[in-house]
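A quick note: this is a predicted structure, and the numbers were derived from the prediction, not measured. Order of the sequence lines fixes the chain letters, A, B, ..., with proteins taken first and strands second; residue numbering starts at 1 for each chain.
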Protein chains: 2
Amino acid sequence: MRKVTIKDVAREAGVSISTVSNALNNVDVLVPATKAHVLEVAERLNYIPNLNGKLLKASESKMLGFFTTSVSGPYFYVLVEAMARHCEKLGYGLNIVVAKDKRVILSNILGQRLDGVIIFEELLIDDKDVSVMEKAQVKAVFLDRVLQNNTMGSVIFDSYVAGYDAAKYLISLGHKKIAYISGVDTMYDSVQRREGYLAALNEHNLPFDESYILQGFFEEEGTYNAVKSFIKLHPEKLPDAFLAGNDVSAIGCIKALKSEGYQIPEDISVMGFDDINLAEYFSPPLTTVKNQIARQGILAVDHLVKLIQQKEKGMIQKLKGEIIVRRSSNLKVEQMVGR
Amino acid sequence: MRKVTIKDVAREAGVSISTVSNALNNVDVLVPATKAHVLEVAERLNYIPNLNGKLLKASESKMLGFFTTSVSGPYFYVLVEAMARHCEKLGYGLNIVVAKDKRVILSNILGQRLDGVIIFEELLIDDKDVSVMEKAQVKAVFLDRVLQNNTMGSVIFDSYVAGYDAAKYLISLGHKKIAYISGVDTMYDSVQRREGYLAALNEHNLPFDESYILQGFFEEEGTYNAVKSFIKLHPEKLPDAFLAGNDVSAIGCIKALKSEGYQIPEDISVMGFDDINLAEYFSPPLTTVKNQIARQGILAVDHLVKLIQQKEKGMIQKLKGEIIVRRSSNLKVEQMVGR
DNA sequence: AGATTTTTAGAAAACGCTTACATAATAGAA
DNA sequence: TTCTATTATGTAAGCGTTTTCTAAAAATCT
């Protein structure tokens with residue numbers, strides 16, 4: 001029942017506990033025979049050091065934490081897999097803590113069990129918590145929050161650039177009347193993508209019409225309804241392309257357009273963001289902007305380890321999305337006819 | 001830089017450290033005013049107990065571990081999400097440790113940081129490790145290994161039953177000549193499914209032909225070739241249904257049959273196992289046997305917590321798969337014509 | 001008011017480990 | 001052989017908690 005401790009090994013080997021400790025930790029101070037003997041006994045007794053005792057003294061645990069409240073969504077495993085592999089390469093273990101209880105998360109972070117943490121959680125950890133972490137000099141990298149100080153940084157996707165690039169891509173296909181289907185206005189991503197979209201329109205001197213910003217709430221049904229009612233209200237000014245705030249929205253949009261008898265992409269191009277799993281298998285397969293999740297994970301781990309080793313100060317790294325061209329977008333028809 | 005400890009709180013509040021400890025842990029022995037004062041000071045100093053110190057004394061951490069070497073595969077997040085939610089419901093945190101280094105895993109398990117562990121890893125942890133864990137009375141539940149003793153159990157899918165049920169389903173559609181596409185013969189799942197399939201054939205007095213067991217190696221291409229060459233070699237005894245060892249195999253099978261001009265499911269039914277993501281979107285959508293991953297996770301957590309609380313001894317729980325009927329299977333044509 | 005009980009707070013040990021320091025043993029030099 | 005320099009091992013303190021036990025203070029009873 002009782003776990004075997006360093007004392008047991010010492011007694012059994014007939015040496016002191018410090019000798020056992022030295023033998024196990026390769027402190028080069030023991031005569032080889034002693035060391036070998038101790039190791040043999042430790043092995044025989046199946047001794048495994050108690051991590052709590054060890055970490056109570058030690059200054060590092062060689063363990064990084066990844067905190068999140070939920071692991072749903074198909075991205076998760078790509079992110080975790082990339083982080084885990086990279087941690088391993090750098091000599092760290094990865095500890096994923098899934099909890100909705102903030103106290104669990106904070107006590108893990110500040111409880112000194114981990115050398116640093118990657119936080120993928122926007123709503124739970126508030127500004128006060130962040131400032132507590134800051135005071136305690138916690139090493140942290142945020143994946144969803146823009147933040148920077150000596151000990152904390154972030155790695156985020158630049159949604160502004162994503163929106164800009166997406167709109168620019170649609171423009172390059174010859175589209176001139178491009179509508180944007182907004183998500184939720186309190187969400188950073190949604191707003192940034194819209195701003196990027198507007199900037200691209202502006203840069204190309206395309207007219208902008210207020211009614212071209214629909215509200216889809218990042219949901220399939222919300223978008224479906226928004227598009228349907230737009231067509232009812234303004235049949236005369238149907239866009240020749242829709243840029244949806246995310247893929248789910250793009251799917252709702254396509255379903256609405258199809259139900260009104262339009263062909264995608266022949267009549268209208270539709271584009272989303274995220275490259276969710278379904279995007280590839282939807283009919284038509286979605287053109288979208290993909291977040292390079294794996295890369296984000298790797299950069300986060302990298303940055304965190306450098307923060308821990310004091311080789312870097314906290315900084316904000318922005319990643320560009322990657323445009324994935326599939327079948328839901330097309331050269332504008334008039335152009336093709338014109339050729 | 002230095003983290004604030006219980007001593008700092010004690011000094012600042014002008015009380016002893018035991019008083020602070022009592023105040024924080026709700027030991028009902030302090031006069032309310034003292035307690036309130038201590039709590040106020042602790043709050044003001046942003047005191048968070050050091051977990052290592054705490055766990056060094058404590059007998060439980062209220063943390064469960066989930067160990068795996070890799071998180072790839074679309075199942076993963078379903079499993080983890082289910083486990084995380086259930087842990088929370090039972091008052092435990094979930095700690096996922098991703099590591100390929102066995103020592104990291106073992107020292108976490110035996111290092112007393114966790115009350116118990118769920119292990120999803122077949123190759124890394126060998127029998128010796130298991131016996132070490134057993135001697136140390138580690139509470140563990142395995143998801144992929146059949147194992148049972150006082151402190152350890154397993155939750156697995158019964159591949160035998162799955163094979164049996166699948167074959168029975170095909171028989172119920174009127175099929176009589178049912179071929180099985182085997183995976184790798186060293187893999188438990190593949191063999192069990194085949195045995196179940198054979199049992200169902202036997203039970204219904206269906207003739208069995210040795211050549212009806214093809215080798216597809218659980219791969220699309222391997223299966224494609226196997227099916228193609230079967231048709232070449234035995235054109236006269238074409239089965240009226242194929243039961244493939246997994247979905248990937250089923251896809252290879254369908255592609256081979258189509259390339260030979262057969263219609264699925266009109267001419268031949270095809271069925272797989274696993275219900276991979278693609279199964280729903282393939283053409284035709286695959287009939288398959290789905291593992292109820294979320295349920296497996298929940299049962300594992302449940303069992304583990306009962307092991308920890310000594311309310312149960314280790315046991316083996318087998319889960320039945322669920323047959324998902326899609327378009328790749330059909331009533332046998334002759335039957336329909338016959339009516 | 002004094003004796004006794006009850007309440008409240010503090011001192012100290014213990015958890016398992018590492019590590020600075022002290023001591024004992026050995027080897028080398030005079 | 002004696003003294004010093006070197007090496008190998010052990011002693012003990014300390015990491016941050018909890019917890020048992022003891023002491024002091026307050027409350028209650030005679």
Side-chain angles (χ1 to χ4, degrees), chain A residues 1-39 41-42 45-63 107-115 136, chain B residues 1-39 41-42 45-63 107-115 136:
Chain A
M1 184 64 223
R2 249 187 83 267
K3 294 270 168 66
V4 19
T5 74
I6 200 170
K7 275 187 196 163
D8 302 316
V9 179
R11 188 172 351 95
E12 178 77 13
V15 298
S16 74
I17 59 170
S18 58
T19 299
V20 176
S21 176
N22 284 331
L24 288 153
N25 296 294
N26 294 313
V27 178
D28 201 11
V29 71
L30 296 180
V31 77
T34 312
K35 177 168 172 180
H37 175 229
V38 170
L39 291 181
V41 172
L45 298 186
N46 292 315
Y47 169 69
I48 302 265
N50 179 312
L51 278 180
N52 299 308
K54 201 161 185 162
L55 293 179
L56 197 51
K57 292 280 320 186
S59 57
E60 58 174 15
S61 65
K62 286 288 176 185
M63 268 280 169
S107 76
N108 266 283
I109 297 181
L110 296 168
Q112 319 247 86
R113 282 220 289 197
L114 302 165
D115 292 350
Chain B
M1 184 63 225
R2 247 186 83 271
K3 295 269 166 69
V4 18
T5 73
I6 200 170
K7 276 187 197 165
D8 302 316
V9 179
R11 189 174 348 96
E12 179 76 12
V15 299
S16 74
I17 58 170
S18 52
T19 299
V20 176
S21 177
N22 285 330
L24 287 155
N25 295 293
N26 293 312
V27 178
D28 201 11
V29 71
L30 298 179
V31 78
T34 312
K35 178 170 173 179
H37 175 228
V38 170
L39 291 181
V41 172
L45 297 186
N46 292 315
Y47 169 69
I48 301 264
N50 178 314
L51 277 181
N52 298 308
K54 202 162 185 161
L55 292 180
L56 196 50
K57 293 280 317 186
S59 57
E60 58 173 15
S61 64
K62 285 287 176 187
M63 268 282 170
S107 76
N108 265 282
I109 296 182
L110 297 167
Q112 319 249 84
R113 284 219 288 196
L114 302 166
D115 292 350

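Applying the side-chain contact (heavy atoms from CB on, under 4.5 Å) rule to B:Lys57 yields no partners; only residues at least two apart in sequence or on another chain are considered. Under the side chain to side chain donor-acceptor pair (under 3.5 Å) criterion, B:Glu12 pairs with B:Arg44, sequence neighbours left out. Here B:Asp115 pairs with B:Ser61 under the side chain to side chain donor-acceptor pair (under 3.5 Å) rule; sequence neighbours left out. The side chain to side chain donor-acceptor pair (under 3.5 Å) test applied to B:Ser21 returns B:Asn25, not counting sequence neighbours.
As rounded to whole Å, 19 Å separates atom P of C:dC15 from atom CD of B:Glu60. The interatomic distance linking B:Lys7 (NZ) with C:dA12 (P) rounds to 14 Å, in whole Å. Residue A:Asn25 contributes atom CG, which lies 17 Å from atom P of C:dG16 at whole-angstrom precision. Taking atom CG of residue B:Leu56 and atom C1' of nucleotide D:dT18, one finds them 10 Å apart after rounding to whole Å. One atom, CD1 of A:Ile6, and another, C1' of C:dA14, lie 16 Å apart when rounded to the nearest Å. Atom pair B:Lys57:NZ and C:dC15:C1' shows a separation of 5 Å (rounding to whole Å applied).
The minimum heavy-atom distance linking A:Ala13 with A:Val41 is given by the pair CB-CG2, 3.9 Å. Shown here for B:Leu24 and B:Ala42, the closest heavy-atom pair between the two residues is CD2-CB, 4.3 Å. Here the shortest heavy-atom pairing between B:Ala10 and B:Ser16 reads CB-C, 3.8 Å.
Of the residues in residues 47-55 of chain A, A:Tyr47, A:Pro49, A:Asn50, A:Gly53, A:Lys54 come within less than 4.0 Å of DNA chain C through at least one heavy atom, sorted by number.
A:Asn22 CG to A:Lys35 NZ: the interatomic distance, rounded to the nearest 0.5 Å, is 9.5 Å. Annotation: the span from A:Lys7 atom NZ to A:Ile17 atom CD1 amounts to 7.0 Å, rounded to 0.5 Å.
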Using residues 45-55 of chain A as the side-chain source, report each donor-acceptor pair under 3.5 Å to any protein atom, sequence neighbours left out, with the distance given to one decimal.
{"unit_1": "A:Asn50", "atom_1": "OD1", "unit_2": "A:Asn52", "atom_2": "N", "d": "2.6"}
{"unit_1": "A:Asn50", "atom_1": "OD1", "unit_2": "A:Gly53", "atom_2": "N", "d": "3.1"}
{"unit_1": "A:Asn52", "atom_1": "ND2", "unit_2": "B:Gln112", "atom_2": "O", "d": "3.2"}

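Summary of helix geometry: the two end axes of the helix from C:dA1-D:dT30 to C:dA30-D:dT1, each defined by five base pairs via their C1' atoms, are inclined to each other by 60° (rounded to 10°).
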Taking N or O atoms only and anything under 3.5 Å, show me the protein contacts with nucleotides 5-10 of chain D, one pair per line.
{"unit_1": "D:dT9", "atom_1": "OP1", "unit_2": "A:Thr34", "atom_2": "OG1", "d": "2.6"}
{"unit_1": "D:dT9", "atom_1": "OP2", "unit_2": "A:Val31", "atom_2": "N", "d": "3.1"}
{"unit_1": "D:dT9", "atom_1": "OP2", "unit_2": "A:Thr34", "atom_2": "OG1", "d": "3.4"}
{"unit_1": "D:dG10", "atom_1": "OP2", "unit_2": "A:Ser16", "atom_2": "N", "d": "2.9"}
{"unit_1": "D:dG10", "atom_1": "OP2", "unit_2": "A:Ser16", "atom_2": "OG", "d": "3.3"}
{"unit_1": "D:dG10", "atom_1": "OP2", "unit_2": "A:Thr19", "atom_2": "OG1", "d": "2.7"}
{"unit_1": "D:dG10", "atom_1": "N7", "unit_2": "A:Ser18", "atom_2": "OG", "d": "3.2"}

For nucleotides 22-24 of chain C, list the nitrogen or oxygen atoms of the protein found under 3.5 Å from its nitrogen or oxygen atoms, one pair per line.
none

